[in-house]
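Working notes, beginning with the structure itself.
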Amino acid sequence: MPGRLEGKTAIVTGGGSGFGAGIAKKFRQEGANVLICDLSTENGTKVASSLGAEFITANVTKRSDWEAALKKCIDTWGGLDIVINNAGACYPNKPTEQVTDDEFDLCYNVNVKSVYLSSSVLLPYFLENNRPGCFVQIASTAGIRPRPGLTWYNSSKAACSNATKTMAVEYAPKKIRFNAVCPVVGSTGMTHLFLGKPNTEENMKAFTAVVPMGRGTTPADVANACCYLASDEAEFITGVNLEVDGGRCV
Ligand SMILES: NC(=O)c1ccc[n+]([C@@H]2O[C@H](COP(=O)([O-])OP(=O)(O)OC[C@H]3O[C@@H](n4cnc5c(N)ncnc54)[C@H](O)[C@@H]3O)[C@@H](O)[C@H]2O)c1
Ligand SMILES: *[C@@H]1O[C@H](CO)[C@@H](O)[C@H](O)[C@H]1NC(C)=O
Ligand SMILES: *[C@@H]1O[C@H](CO)[C@@H](O)[C@H](O)[C@H]1NC(C)=O
Ligand SMILES: *[C@@H]1O[C@H](CO)[C@@H](O)[C@H](O)[C@H]1NC(C)=O
Ligand SMILES: *[C@@H]1O[C@H](CO)[C@@H](O)[C@H](O)[C@H]1NC(C)=O
């Protein structure tokens, strides 16, 4: 049986760890060509070689790195179909008046400017080639259900979700789709920042206790949602903010 993403080519940012590594794995299993883009050369190379994916060291806040990613996809596979904006950054959970300029900039650069750059560099490619592109942003329940703490991380994710909806409407006539996936807390390289303390089972409990299904989001949960949204099964789905959160946002 052909995979659900057979013959498609995808960029997965932040694919060297956590949710991104899970997305890259699922996409390879479903037949997609995958280019992992990550700041960490060590992690990215390791994940890519274990999956038969390609890798480039890239900083998603740099236009030239997005241009390099597009060129790599065209040179290697002859084109690009799917963009998963998964790379994200956060500062340690703390009172909002203590956040520094650098921490604010980090959130908005990695979580918002990256999405801007991906659209700025890749939309002309999809439009000029009359290709039905597909963008999936990994936003967060943090952008939907405000509670105290992490103000600028959460607002950056709300901006990401909102930009996704805007672009969905704007590019719908061109059949370029934009959707977002919103996980609740999961155990990854970033978890200790959300918790504001080490990622131990005990510390996670306070966060997962408020999830109706009683656990955090796994890389497989995120990957399965991304696979559906990126596949042709979702050809009429655009502008959706899909919560993958065990009922947290209800
Ligand atoms: N873990 C959670 O609880 C949780 C919950 C909701 C949303 N998210 C979102 O999920 C996404 C994936 O994060 P994760 O939890 O898997 O964390 P992670 O730290 O395990 O993975 C993030 C990856 O992004 C890469 N990265 C960071 N900045 C980058 C940059 N400027 N350019 C390129 N790559 C960069 C890192 O090197 C890392 O490999 C993020 O957008 C995060 O905000 C995470
Ligand atoms: C590599 O990935 C691991 C596992 O997710 C993470 O803990 C580590 O911080 C990552 N290293 C770098 C340099 O990003
Ligand atoms: C990523 O690029 C931005 C913008 O050029 C830069 O400020 C930042 O330091 C870079 N991050 C890393 C880890 O190199
Ligand atoms: C921000 O998100 C974090 C992590 O998901 C959550 O714990 C916090 O309550 C949220 N805060 C706001 C103001 O949205
Ligand atoms: C984006 O902003 C508009 C205008 O304020 C609002 O109607 C919409 O609900 C927002 N969308 C998201 C996903 O926050």
Side-chain angles (χ1 to χ4, degrees), residues 11-25 35-48 50 55-66 68-69 83-93 101-118 136-145 149-150 152-161 164 180-196 198-199 203-204 206-208 211 215-223 225-226 241-246 248-249:
I11 289 175
V12 180
T13 70
S17 171
F19 293 160
I23 296 164
K25 182 178 172 197
L35 175 64
I36 291 176
C37 302
D38 203 294
L39 268 183
S40 168
T41 306
E42 196 191 332
N43 280 350
T45 309
K46 204 163 69 187
V47 174
S50 75
F55 171 74
I56 58 168
T57 305
N59 180 339
V60 293
T61 71
K62 284 172 73 175
R63 176 176 292 273
S64 56
D65 286 0
W66 279 103
V83 185
I84 309 291
N85 272 308
N86 164 78
C90 186
Y91 53 84
N93 196 330
D101 291 2
D102 283 349
E103 289 170 336
F104 173 87
D105 287 342
L106 179 72
C107 282
Y108 272 75
N109 283 330
V110 182
N111 302 343
V112 184
K113 192 176 184 191
S114 62
V115 177
Y116 155 71
L117 286 173
S118 70
V136 180
Q137 267 69 268
I138 308 305
S140 175
T141 55
I144 304 174
R145 189 105 199 262
L150 296 176
W152 304 113
Y153 170 76
N154 297 12
S155 67
S156 75
K157 291 300 190 178
C160 171
S161 289
T164 299
V181 166
C182 298
V184 73
V185 72
S187 189
T188 68
M190 282 174 75
T191 313
H192 62 287
L193 300 172
F194 302 129
L195 303 186
N199 174 13
N203 291 339
M204 265 292 252
F207 276 68
T208 52
V211 176
R215 65 166 176 87
T217 305
T218 64
D221 293 327
V222 176
C226 289
N241 229 356
L242 181 58
E243 293 137 30
V244 179
D245 69 348
R248 169 66 179 131
C249 284

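In each ligand, atom 1 is the first atom listed, and ligand 1 is the first ligand listed. Side-chain atoms are counted along with the backbone in the values below, which use heavy atoms only and exclude waters and symmetry mates.
Distance alone, capped at 3.5 Å, places no donor-acceptor pair between the Thr41 side chain and the Thr57 backbone. In terms of modelled atom types and a separation under 3.5 Å, the side chain of Lys113 and the main chain of Val60 share no donor-acceptor contact. In this structure, the side chain of Asp65 does not engage the main chain of Ala58 through any donor-acceptor pair within 3.5 Å.
Ser114 and Thr61 form no side-chain donor-acceptor contact under 3.5 Å, judged by distance and modelled atom types alone. With no hydrogens or angles considered, a side-chain donor-acceptor pair links Asn241 and Ser161 at under 3.5 Å. Residues Thr141 and Asp245 bring no donor and acceptor atom of their side chains to less than 3.5 Å of each other.
For ligand 1, the polar-atom distance check against Gly189 finds a nitrogen or oxygen pair separated by under 3.5 Å. In terms of polar-atom proximity, defined here as any N/O pair under 3.5 Å, Lys62 makes no such contact with ligand 3. In terms of polar-atom proximity, Asn59 is counted as a contact of ligand 1, with an N or O under 3.5 Å from an N or O of the ligand. Geometrically, ligand 1 and Thr61 share no nitrogen or oxygen pair separated by less than 3.5 Å. Checked by distance only, ligand 1 and Gly20 stay at 3.5 Å or farther apart across all their nitrogen or oxygen atoms. Looking at Pro183 next to ligand 1, no N or O pair under 3.5 Å apart turns up. When only interatomic distances are considered, the shortest N/O to N/O separation between Ser17 and ligand 1 falls below 3.5 Å.
Within the structure, ligand 1 lacks Asn111 among the residues with a heavy atom less than 4.0 angstrom away. Between Asn86 and ligand 1 there is a heavy-atom distance shorter than 4.0 Å. Distances from ligand 1 to the non-hydrogen atoms of Thr13 include no value under 4.0 Å. Under the 4.0 angstrom criterion for non-hydrogen atoms, Ser187 is not in contact with ligand 1.
Rounding to the nearest 0.5 angstrom, the gap separating the CZ atom in Arg248 from the OG1 atom in Thr208 is 11.0 Å. Phe55 CZ to Asn43 CG: the interatomic distance, rounded to the nearest 0.5 Å, is 8.5 Å. Atom SG in Cys226 sits 7.5 Å away from atom CG in Asn86 (nearest 0.5 Å).
Listed by number with element, the atoms of ligand 3 under 4.0 Å from a non-hydrogen atom of Thr61 are 1 (C), 2 (O), 3 (C), 4 (C). For ligand 1 and Gly88, the ligand atoms under 4.0 Å from any heavy atom of the residue are 27 (C), 40 (C), 41 (O). Numbered from 1 in the order shown, with element, the atoms of ligand 1 that lie under 4.0 Å from a heavy atom of Ile138 read 9 (C), 10 (O), 11 (C), 41 (O). With ligand atoms numbered from 1 in the order given, ligand 1 contributes 28 (N), 31 (N) to contacts under 4.0 Å with heavy atoms of Val110. Set against the non-hydrogen atoms of Gly18, the atoms of ligand 1 under 4.0 Å away are 16 (O), 20 (O). For ligand 1 and Val185, the ligand atoms under 4.0 Å from any heavy atom of the residue are 3 (O). Those atoms of ligand 1 that come under 4.0 Å of a heavy atom in Gly186, given as number and element, are 1 (N), 2 (C), 3 (O). Of all the atoms in ligand 1, the ones that sit under 4.0 Å from a non-hydrogen atom of Ala58 are 32 (N), 33 (C). Within ligand 1, counting atoms from 1 as listed, the ones closer than 4.0 Å to a heavy atom of Ala139 are 7 (C).
Protein heavy atom in closest approach to atom 35 (C) of ligand 1: Ala87 CB, 3.7 Å. Looking at atom 15 (O) of ligand 1, its nearest protein heavy atom turns out to be Thr188 OG1, 2.6 Å.
If you look at Asn109 next to ligand 1, there are no close heavy atoms at all, none under 4.0 Å.
Across every non-hydrogen atom of Thr191 and Gly186, the tightest pair is OG1-O, 2.6 Å. Asn203 and Phe207 make their closest contact through O-CD1, 4.1 Å (heavy atoms, listed as atom of the first residue, atom of the second, distance). In terms of heavy atoms, Pro92 sits closest to Glu103 at CD-OE2, 4.0 Å. Minimum interatomic distance between Cys90 and Cys107 (heavy atoms only, all atoms of both residues): CA-SG, 4.1 Å. The heavy-atom pair separating Phe19 from Pro219 by the smallest distance is CD2-CA, 3.8 Å.
Tyr108 OH: more than 12 foreign heavy atoms inside a 6.0 Å radius.
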Distance dump, ligand 2 polar atoms to protein, N/O, under 3.5 Å:
residue, atom, partner, partner atom, Å
ligand 2, 2 (O), Asn43, OD1, 3.4
ligand 2, 2 (O), Asn43, ND2, 2.3
ligand 2, 5 (O), Ser17, OG, 2.6
ligand 2, 11 (N), Asn43, ND2, 2.9

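No close placement of the Tyr91 and Phe104 rings is indicated, their centers lying 6.0 Å or farther apart.
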Open item on the list: side-chain hydrogen bond (donor to acceptor under 3.5 Å, both in side chains) for Ser187 and Asn199? Distances and angles first, verdict last.
Closed with: CA-CA 7 Å; Ser187 189; Asn199 174 13; 3.0 Å; yes
